[in-house]
Every structure is written in structure tokens, then in C-alpha cells.
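Working notes for the structure below.
Note: hydrogens, waters and symmetry copies are ignored here, and every other heavy atom, side chains too, is used.
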Amino acid sequence: MVESNGTCLPDFTDVRREFERNFSERGEVGASVCVTVDGERVVDLWAGSAETEAGSQPWNADTLVTVFSCSKGMTALCAHVLAARGKLDLDAPIGEYWPEFAAGGGGGKQQATVRMMLDHSVGVPAWREKLPDGSAYDWHYMVERLEAEAPFWEPGTRHGYHMLSFGWTVGELVRRVAGCSLGTFLRQEIAGPYDADVWLGLPEDEQHRVARVIPFVPDPKNPSAFTAAIRADRTSVSALALLNQGGFNPNSRKAHRAEIGGAGGLATARGLAAMYRPLALGGEDLVDADSLSRMGEVAVATESDATLLTGSRFSLGFMKSMDNRRRRTGDRDSAILSSAAFGHVGAGGSIGFADPGCRMSFGYTMNRMGPGILLNDRSQPLVDAT
């Protein structure tokens, strides 16, 4: 048994129990979970160990780890803050802010809107031609490649998860409108003011807090539908999105330093809960009520995501509850939240979200990645118990 550190109010004892079961029964190595209700922390737990640049260390409350697609929540929130301030029109053509994207690649990109960037329907979830090793760390190169890429479908006609490209499709809009880099805007306008330990572009003096990610190795004898599709066709959208990532390595200092808004963010569980805290409380001074409503409303939904090959539902930049447990075909990976909740999972099972209906925010981070595209048998029980 692993005894967790931190605090947990008596009403949330089940959360502590599931968190400790993750270590004793489900293979957890190092992790944190944090929950706020009405702005106050009701759960703040951590346990286990982390491999850092200094070697093996106890996992602490301030241990940072790459949270993969939880980064998309950071990026999307930056866009919504700009929209709430009247600086970014979500229904405007992309060409008003980023003419090079609209003009390049053909395929209807000139008719694409900002909204389509956020809801994964703009049609550039991957790059067809191989990205050079290390290019994921070169913002301007990745942007130029997106400008030249022809869409895989007519923008707005369907949606498919923009696994890595979301960080530049939305992030470049933020950069152009805000007049500073994506990571700088996140730090100055969201993370700093709301005391959220989340990063897109980690300074060198914070590197000592980073835990190495332990990759998940799929079972070769029982692959998921997503894995099987990738093996069957290396030119498919699924394969290109997962395998053609420009040398992105979540354990490299280059990745931590770069501002990779689709998958390269680092956070603590406290940080994710703090970032979503104002959204759980009605927006506070971060966004207005109309913006908060847009963030929580389902914008696109499908039985077969063009990239993930399973059912998916998104608001503008955030994941909504996805229950695929009874699907007859394809992957049954799910992320089951309340109808009011919105946020984002990260590969391996991390998650951050707001639930305005419960005035609750939630963050879970860990170093050992689990199976599946969405949540798994460590993260979903924590959400259920909460």
C-alpha cells in the first residue's frame, strides 16, 4: 500500500481511496490529484516517485510532468480570453488574422473560420510529407508547413482530432492577435494571475521539477482499433497524426522549452485545477458569461472521429463527456464527465476540467502513461469518486 500525502476533506474520502488504489492495484508510479469546490481545495493529494534530472525523487505537490493534450485546454483558453476581450472573432474567416493559412494549400481553406480551428473541423489534423526530426520545436517552421498543407477534408464538413497540429492552428491565431507568443500570453494573462502552475515553454530554472514520462507500450496481440488502423495504413490520417510529429519527445529539454500547444504543456494537478477554477465559478474576471457558455456547449459530435476512429464530442477547443463503452466496433475509450463539464484529457490518462454546474475544478497528473486514447482505469475512477 502507498499512503498518499496532502489533504482530503472527509466528504471526499472515496477520492483518496481510489487514488491510493491506483498505486496498490493499478500500477501507478507517481501522481497527483487536486479538486476545488467553490474555489477551495477539497482534495490535494500526491504520492509515489518521479525520475527527474537529479535522479529518483519522491513525487511532490509541485512535481511537473508533460500532460500531452491537456495542453490543448491551455491553448483554447488563451483563445477564449482574447475572444471575451473582443480581440478575436470566433466566426470570422481565418484569413482576417492569418491570410497565409487561408491562401495556401487550397481545398476551401479560404472559407475556414476561427471556430473551425477550435472544434477540430478545419481539416489539417496532420502533415502528409514527413516532418524533419526536431521540427516540432521550431514554431515558425510548423506554422509554414500548416500554411502549405491541403486540408484532408473540406473545412467544416466533418471533424477529426488535431492531435499535434491544434497547438499551431489555434496557437498561431493567439500569437498574431495577442502580439506575443502563446506561452507568454498563457503565463501573463492566465497562469500568473490565477496562480496556476501550467506551462507552455518551461524556463530552465523550473526544469528540476519535471518528472520523466514512462511510455505505454501497446499489447501487440490485442491492439486497439486505433493502433490496428495505423498498422494497416501508414498513410491514413490516424497514422500521420500519431507518427509524423517532427521528433517530438516529451522527455527532452527541447520539448519543455518549446511552446507546443497541442501536446507539450507541463503542469501539476494543482495547476490544472487552478486554471479551470475561475471557469468553475462562472468565469470570474477571466471570461464573461457568454464566453463561458460557448466553452461548455457541444460544437461537434460524431460516431467516428476522422482521426481517433471512435465517438468524440468537442466544444470550442475542449473535450466534452465521451461515453463509448457500448460501441460495437472501434475503440471503447471514454472520458465520462457531467453534461456541464468541459476540459481536456492528455495521452496516458491525465485530465483537467471545469464543472460549472458543481462549481468544481479538477486536475490529475501522473508519470506512467496508461492505455487508450482518453481516460483509463486510473483516471476515470478518480473522476467518478469526485
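- Here E100 pairs with R176 in a salt bridge; the nearest charged N to carboxylate O distance falls below 4.0 Å.
- Residues R16 and T7 share a closest heavy-atom pair of NH2-C, 4.0 Å.
- In summary, the side chains of S293 and E297 do present a donor paired with an acceptor at a separation below 3.5 Å, with no hydrogens or angles considered.
- If you take CD on E147 and CD on E149, they are separated by 12.0 Å, rounding to the nearest 0.5 Å.
- Atoms OG1 and CD, from T184 and E189 in turn, are 10.5 Å apart once rounded to the nearest 0.5 Å.
- Closest non-hydrogen pair, N367 versus V65, comes out as CA-CG2, 4.2 Å.
- Using a distance-only test at 3.5 Å, with no hydrogens or angles considered, no donor-acceptor pair links the side chain of N22 to the main chain of E25.
- Ring pair F19/F23 is perpendicular by interplanar angle, where above 60° counts as perpendicular and below 30° as parallel.
- No option in V114, D119, V298 other than D119 meets the side-chain contact (heavy atoms from CB on, under 4.5 Å) test with L316.
- Although no hydrogens or angles enter the test, the distance criterion places no donor-acceptor pair under 3.5 Å between the side chain of H80 and the main chain of C78.
- Annotation: side chain of T13 is not in contact with side chain of V15 (no heavy-atom distance under 4.5 Å).
- The CG atom of L45 sits 11.0 Å away from atom CD of E3, with the distance rounded to the nearest 0.5 Å.
- Judged purely by atom type and a 3.5 angstrom limit, R128 uses its side chain to pair as donor or acceptor with the backbone of A150.
- The side-chain heavy atoms of P93 and Q111, taken from C-beta on, include no pair separated by under 4.5 Å.
- Surrounding CD of E303 are at most 12 heavy atoms belonging to other residues, nucleotides or ligands under 6.0 Å away.
- Considering every non-hydrogen atom in both A102 and G95, the closest pair reads CB-CA, 3.8 Å.
- Although no hydrogens or angles enter the test, the distance criterion places a donor-acceptor pair under 3.5 Å between the side chain of S334 and the main chain of R332.
- Looking at F342, F353, Y276, F12 one by one, the single match for ring pair (Phe, Tyr, Trp, His ring centres under 6.0 Å) with F362 turns out to be F353.
- Between L64 and W199 the shortest side-chain heavy-atom distance falls below 4.5 Å.
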Report task. Test side chain to side chain contact (heavy atoms under 4.5 Å, CB included) on V300 and H120 and set out the steps. Result -> CA-CA 8 Å; V300 292; H120 299 269; 5.6 Å; no
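- Residue L279 holds its CG atom at 13.0 Å from CE of M360, rounded to the nearest 0.5 Å.
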Show the numbers, then the answer: is there a side chain to side chain contact (heavy atoms under 4.5 Å, CB included) between V122 and I94? CA-CA 10 Å; V122 76; I94 292 170; 4.0 Å; yes
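- A cation-pi geometry, defined here as NZ or CZ lying under 6.0 Å from the six-membered ring centre and within 45° of its normal, does not hold between R231 and F226.
- The number of heavy atoms from other shown groups lying within 6.0 Å of CG (D91) is above 12.
- Proximity of H208 to T52: side-chain heavy atoms (C-beta onward) are nowhere separated by under 4.5 Å.
- The pair R277-E284 meets the salt-bridge criterion, since a charged nitrogen lies less than 4.0 angstrom from a carboxylate oxygen.
- Checking Q380 against N376 by side-chain atom types alone, no donor-acceptor pair falls below 3.5 Å.
- Heavy atoms only, all atoms of each residue included: L266 and L202 are closest at CD1-CB, 4.2 Å.
- A continuous path of ILVMFWY side-chain contacts below 4.5 Å connects M74 to M117, so both sit in one hydrophobic cluster.
- Between F314 and M319, the closest heavy-atom pair is CE2-CG, 3.6 Å.
- Checking side-chain atoms of T75 against main-chain N and O of G171 turns up no donor-acceptor pair under 3.5 Å.
- Of the possible polar contacts, none joining the D233 side chain to the A239 backbone as a donor-acceptor pair under 3.5 Å is found.
- To the nearest 0.5 Å, atoms OG (S181) and CZ (R175) are separated by 9.0 Å.
- The shortest non-hydrogen separation linking P151 to G107 is CG-O, 3.3 Å.
- No side-chain heavy atom of S4 sits less than 4.5 Å from a side-chain heavy atom of W59.
- Proximity of S71 to L200: side-chain heavy atoms (C-beta onward) are separated by under 4.5 Å at one or more points.
- Side-chain atoms of T66 do not come within 3.5 Å of backbone N or O of F68 as any donor-acceptor pair.
- In terms of modelled atom types and a separation under 3.5 Å, the side chain of D323 and the main chain of R325 share a donor-acceptor contact.
- Applying the side-chain contact (heavy atoms from CB on, under 4.5 Å) criterion to S69, with sequence neighbours excluded, gives K72, Y161, H344.
- Inter-residue side-chain proximity for S350 and M366 is flagged as met; some heavy-atom pair is nearer than 4.5 Å.
- For D62, the CG atom is densely surrounded, since the number of other residues' heavy atoms within 6.0 Å is greater than 12.
- Atom CZ of residue R41 and atom OG of residue S361 lie 9.5 Å apart, to the nearest 0.5 angstrom.
- Side-chain N or O atoms of R158 include none that pairs as donor or acceptor with a backbone N or O of T302 at under 3.5 Å.
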(request) Show your working on side chain to side chain donor-acceptor pair (under 3.5 Å) between N60 and T63 and close with a plain yes or no. (result) CA-CA 5 Å; N60 294 310; T63 297; 4.6 Å; no
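- Partner R270 forms a side chain to side chain donor-acceptor pair (under 3.5 Å) with one of T36, D197, D44 and no other, that one being D44.
- The closest donor-acceptor contact from the side chain of S238 to the backbone of T307 lies under 3.5 Å.
- Side-chain contact of D288 with S291: a donor-acceptor pair under 3.5 Å is present, judged by distance alone.
- Side-chain atoms of V287 and V81, non-hydrogen and from C-beta on, do get closer than 4.5 Å to each other.
- Between E53 and R212 there is no salt bridge, since none of the side-chain N atoms of the basic residue sits less than 4.0 Å from a carboxylate O of the acidic one.
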Taking it one step at a time, do L272 and V198 satisfy side chain to side chain contact (heavy atoms under 4.5 Å, CB included)?
-> CA-CA 7 Å; L272 289 174; V198 298; 4.3 Å; yes
